[in-house]
Each structure stands twice: as C-alpha cells, then as structure tokens.
Amino acid sequence: MDFRKTYAFARLHRSSLLLAFLFLAAVFLRYAYVFLAGSPNFLGGDGQRYYTMVQQIITEHSYGYGSETSNSRVTPGFPVYASTVLAIFSMNLNAFKWVQIMLGAATIFPLYAFLRSVPAARPWLTWSACAFMVIYPPFIYMTGLFYTETLFFFLLVSFFASWQIMWRSGSVRSVVLSAVLLSFAILTRPVMTPVLLIVIVFLACNQAKRRLLVPLLLTVFLCFLPWVLRNWLVLHEFTLLAKDSGNALLAGAYPYFYKDVDYNELEHKFGNDQTRYGIYLIMNGFRDHFLSYFKWFTYGKLKYLFKEMWFHNREYFPVLQVKISAALHYLIIAISLVTIPYGLIRKQFLAWAIAGMLAFQLLFIPTSRYGTPFILLMLMLICSSGIPLRRWQLRKAPSMQEPAADSVRTSSSTSNTSSTNNTGNTGSSTGSKQSSV
C-alpha cells in the first residue's frame with residue numbers, strides 16, 4: 001500500500017469536508033439573518049431604486065435608474081443579474097434572497113482556491129480566512145440587501161482566483177476567464193477599473209505572458225461592447241461605465257462633510273453635471289486650502305472607510321460574534337500597514353490591485369460600506385504575502401506573489417536557472433509551466 005497516496009487522499013477528503021462544513025455554516029448564518037432575524041430594510045435606500053428599476057426592465061424593457069426613461073446612471077452588472085433572477089422566479093423576492101444567500105456563501109470557494117494556489121499561505125491561515133468570510137457581520141448583512149455587494153464580492157474573489165490559474169497555466173482559455181470575470185466585476189462596481197490597468201502592466205512587463213494581452217483586451221472589449229453600443233444607439237452618448245459617478249464624487253468633495261452641496265450653483269452654472277461640479281470644487285479646494293484637502297483625500301477618507309465595520313448591530317448578531325469580528329477588523333487593518341507596502345515593494349499583483357482600487361475609491365464619498373471589499377482583499381494579501389509571523393524570512397519559499405515587472409530576462413542561462421516564486425511566477429521568458437498552485 002502506498003501510504004503517501006493514502007495520506008494525500010485522506011488530507012484532500014478532510015479538506016473537502018471542512019470546506020463543505022464552512023459553506024453550510026455560511027448558508028445557515030445568512031439564512032438565520034435574512035429569514036429568522038428579519039433583516040432590516042431589504043429594499044431600503046439604493047435597494048428600492050434598484051428594485052423599481054428591475055421591475056421596469058422586466059415589464060417595460062426600459063433600463064432606467066431612478067427614472068421612468070432610459071438612462072445610463074448605473075453600470076449594468078447588478079441590474080441584469082437581479083432582473084434575470086427575478087424574471088426566472090416570477091418576481092419572488094424570497095427566491096432572490098435565497099440566491100443571494102447561496103452566492104454569498106459560495107464566495108468561500110474562490111477564496112479557498114486563491115489561498116490554496118499560493119504556497120506562502122499556510123493551511124491554518126487559509127482556513128482562518130475562510131472562517132472569517134463565514135462569520136464577519138458585514139458579509140452576512142449584505143446578503144439581506146438588494147445591493148450590488150453580494151454579486152460584486154463573488155466576482156471580485158473569483159477574478160483573483162482565476163488570475164492565479166491564468167498566471168500558472170498561461171493558457172488563452174484561462175486569460176479569457178479572467179478577463180470575463182474582471183469585466184463583469186467592473187460593470188458591477190467600477191471601483192475595480194484600476195485593476196484592468198494593473199493587469200495590462202503586469203502582462204506587458206513579463207515577456208512570457210505578453211502574448212496574453214491580445215486575448216485579454218479582446219475579451220474585455222467584447223464584454224463592454226453591448227453596454228457601450230446600447231448607450232450609443234439608445235441614448236446617443238458614449239458612456240463606458242456610468243453617468244451617475246459624479247454623484248459619489250460630489251458627495252465626497254467637501255472635507256469631513258463640513259458643507260452641503262449648493263444645488264442652485266450646480267443647476268445654474270453646471271447644468272446639473274455633478275462630475276464637472278465635483279471636479280470644480282475639488283480643484284478649487286486644493287488651490288485655496290491645500291493642506292486641508294490633502295488630509296481629507298488621504299487620512300480623512302481612509303479613516304471614514306475603515307474606522308468601523310459596515311454593520312455591527314448587536315440586535316441582529318451575538319455580542320461575542322460582533323466583538324471578535326471587530327477585533328479582527330482592526331487587526332487586519334493594522335497588519336495591512338505592513339503587508340501592503342511590503343507587497344508593493346515586492347511587486348505583488350494583489351498589493352498593487354488593492355493600492356489602485358483604494359486610490360480610486362478615495363476620489364469618492366468614503367463610507368464603511370465602500371471599505372468592506374478592502375477588508376477581504378487585505379486579508380487575502382496578509383495570508384498570501386509570505387511574511388512569516390515568527391521571523392522576517394521564509395524558510396522554504398520566497399514571498400513574491402507576482403513576477404517583478406523588471407525581472408523578465410531573455411537569456412537562456414536565466415531561463416534555465418530562474419527559480420519559481422510563491423505564486424508560481426518565474427523570471428524566465430521561455431513561457432515554461434508556472435507552479436502557482
């Protein structure tokens with residue numbers, strides 16, 4: 001009997017059982033919150049506007065957010081997803097809630113796949129991250145809302161898991177999958193737009209992967225084409241993302257919200273163009289009060305994004321769960337003060353993606369809702385960064401997640417001797433198989 005194979009099978013079986021248990025636990029906690037505890041305001045705030053929009057799409061075949069006429073105020077990712085689900089289930093909101101619950105719980109699978117593909121992510125860190133995904137109150141809370149978050153989180157984590165597969169295999173099929181997931185994520189929440197630029201840079205700077213740029217860009221183009229064509233043909237405008245982005249830009253223009261927006265000035269001087277008015281206020285603010293605006297667009301907005309969990313109402317969650325989650329929330333932020341700069345220096349793809357998304361988010365209104373995706377991304381980075389907890393040097397494997405942008409070499413001697421890093425990226429330009437899992 002081959003004891004190695006038996007042990008490997010038993011270990012795989014144990015991992016599958018544990019993953020299944022965590023998935024079922026995630027389903028139960030979300031079900032308990034949505035149906036038993038009675039999640040508040042399922043259609044509150046933006047949810048009511050999205051629901052009205054979805055009803056309009058299904059009954060009148062008109063895509064308009066906050067209006068009975070067609071517009072392009074929001075990207076199509078969530079409205080198309082929600083209208084498809086509700087059309088299938090005859091506008092049954094309980095069925096939609098179950099889809100949200102299952103999708104939210106299923107996010108644990110791409111999270112596990114991502115962390116398992118990174119050798120630097122120790123097994124106990126992988127399972128800890130999955131457990132955090134199960135119990136963290138904001139991740140449960142968002143499944144009880146008619147918001148973009150549940151869909152976006154699934155696409156977000158799935159993209160980074162697919163990126164690992166793509167970087168290891170280098171196949172056209174895998175890059176198409178990554179491009180589709182990235183495109184759909186951007187069309188759900190445009191905060192991921194900077195990631196597309198970072199993807200292009202990482203591929204362009206690696207000679208072995210440069211050939212994947214064409215299928216990636218072609219796939220992204222095809223994913224965006226229906227939305228752009230619809231806006232051009234129906235609205236006679238070129239809109240790549242959404243026309244309503246100026247609202248969030250304007251809402252975050254004044255430092256610490258010390259002043260309300262002057263809607264008379266917006267209407268008479270800028271024709272209700274919130275983007276132009278927001279840029280105008282920000283530029284004038286930096287010109288007249290540079291230090292105040294610089295502090296607001298750096299430390300101030302970061303504080304608003306991360307100073308507390310998005311939802312921590314003890315009426316709906318056990319006190320111990322809230323306290324543990326809050327402690328982990330602040331611990332993740334504290335450790336990220338080290339792992340993000342470390343990852344940027346080591347040219348880790350995930351670190352640069354977080355930095356790009358965060359810089360983009362700082363342009364707009366800062367709330368803990370918009371900081372929540374970064375908590376999960378920071379946790380993924382902490383688990384995969386390769387920084388050991390006991391000493392500042394790995395015993396077995398280097399810690400770099402993605403290849404250095406300048407590490408590609410064309411000489412045959414380099415390709416024969418280059419070593420593989422933690423996520424399977426080598427300095428070789430030969431395009432040989434990468435060991436990213």
Side-chain angles (χ1 to χ4, degrees), residues 23-68 70-71 73-111 133-159 180-181 183-192 226-227 242 244 310-311 313 316-317 369-370 372-373 376:
F23 170 72
L24 293 176
V27 171
F28 173 77
L29 289 177
R30 285 150 179 77
Y31 162 77
Y33 171 71
V34 173
F35 288 105
L36 301 184
S39 59
N41 300 323
F42 181 72
L43 294 179
D46 291 340
Q48 182 60 59
R49 286 184 284 272
Y50 272 121
Y51 184 66
T52 302
M53 176 185 186
V54 167
Q55 288 180 310
Q56 191 170 293
I57 291 174
I58 295 174
T59 59
E60 302 176 20
H61 308 291
S62 174
Y63 184 99
Y65 180 81
S67 172
E68 295 182 358
S70 295
N71 59 47
R73 291 182 59 188
V74 294
T75 49
F78 179 74
V80 171
Y81 154 77
S83 60
T84 301
V85 173
L86 286 172
I88 292 173
F89 293 104
S90 303
M91 298 300 294
N92 188 324
L93 274 180
N94 283 336
F96 182 83
K97 290 177 182 179
W98 268 111
V99 173
Q100 289 280 86
I101 288 170
M102 299 303 293
L103 189 63
T107 306
I108 196 174
F109 295 120
L111 176 62
M133 184 75 205
V134 171
I135 69 166
Y136 189 56
F139 297 159
I140 300 173
Y141 170 67
M142 66 187 185
T143 59
L145 296 172
F146 203 76
Y147 280 11
T148 62
E149 268 72 17
T150 300
L151 174 63
F152 175 68
F153 271 63
F154 181 80
L155 294 172
L156 175 75
V157 183
S158 296
F159 163 71
V180 168
L181 290 169
S183 300
F184 288 172
I186 293 173
L187 289 172
T188 302
R189 289 281 291 275
V191 70
M192 274 200 76
W227 172 241
D244 207 28
W310 178 18
F311 185 80
N313 193 328
Y316 297 95
F317 296 100
R369 173 189 173 186
Y370 299 130
T372 304
L376 181 57

Applying side-chain contact (heavy atoms from CB on, under 4.5 Å) to Val80 and not counting sequence neighbours gives Pro76, Thr84

Phe184 and Phe159, any side-chain heavy atoms less than 4.5 Å apart: no

For Gln48, the side-chain hydrogen bond (donor to acceptor under 3.5 Å, both in side chains) test, sequence neighbours excluded, returns Thr52

Exactly one candidate in Gln56, Arg73, Arg49 meets side-chain hydrogen bond (donor to acceptor under 3.5 Å, both in side chains) with Tyr65; the answer is Arg49

From CA spacing to verdict: ring pair (Phe, Tyr, Trp, His ring centres under 6.0 Å), Tyr33, Phe317 | CA-CA 8 Å; Tyr33 171 71; Phe317 296 100; 5.3 Å; yes

Can you give the donor-acceptor pairs under 3.5 Å from side chains of residues 149-156 to other protein atoms, not counting sequence neighbours?
residue : atom : partner : partner atom : Å
Glu149  : OE1  : Arg369  : NH2          : 3.3
Glu149  : OE2  : Arg189  : NH1          : 2.8
Glu149  : OE2  : Arg369  : NE           : 2.8
Thr150  : OG1  : Met142  : O            : 3.4

Applying ring-ring contact (aromatic ring centres under 6.0 Å, His included) to Tyr370 and not counting sequence neighbours gives none

Is there a donor-acceptor pair closer than 3.5 Å between any side-chain N or O of Thr188 and the backbone N or O of Gly77? no

The side-chain contact (heavy atoms from CB on, under 4.5 Å) partners of Pro138 (sequence neighbours excluded) come to Tyr136, Met309, Trp310, Thr372

Those residues at least two apart in sequence (or on a different chain) that pass side-chain contact (heavy atoms from CB on, under 4.5 Å) with Leu29 are Val134, Ile135, Ile140

Ile186 and Val191: CA distance, side-chain angles, deciding distance, side-chain contact (heavy atoms from CB on, under 4.5 Å) verdict: CA-CA 7 Å; Ile186 293 173; Val191 70; over 6 Å; no

Scanning both residues in full, the closest heavy-atom pair of Val99 with Phe89 reads CG2-CE1, 4.1 Å

All heavy atoms of Val74 vs all of Pro79, minimum pair found to be CG2-CG, 4.3 Å

The reported gap from CG in Leu376 to CG in Leu111 (rounded to nearest 0.5 angstrom) is 6.0 Å

Sequence neighbours excluded, the answer for side-chain contact (heavy atoms from CB on, under 4.5 Å) partners of Ile58 is Val54, Ser83, Leu86, Ala87, Met91

task: Check whether any side-chain heavy atom of Phe42 sits under 4.5 Å from a side-chain heavy atom of Val34, and report yes or no.
output: no

Residue set satisfying ring-ring contact (aromatic ring centres under 6.0 Å, His included) with Phe96, at least two apart, ordered chain then number -> Tyr81, Phe146

Sorted by chain and number, sequence neighbours left out, ring-ring contact (aromatic ring centres under 6.0 Å, His included) with Trp227 holds for Tyr63

Exercise. Looking at Tyr147 versus Phe78, is the centre-to-centre ring distance below 6.0 Å?
Worked result: no

side-chain hydrogen bond (donor to acceptor under 3.5 Å, both in side chains) filter on Tyr50, not counting sequence neighbours, yields none

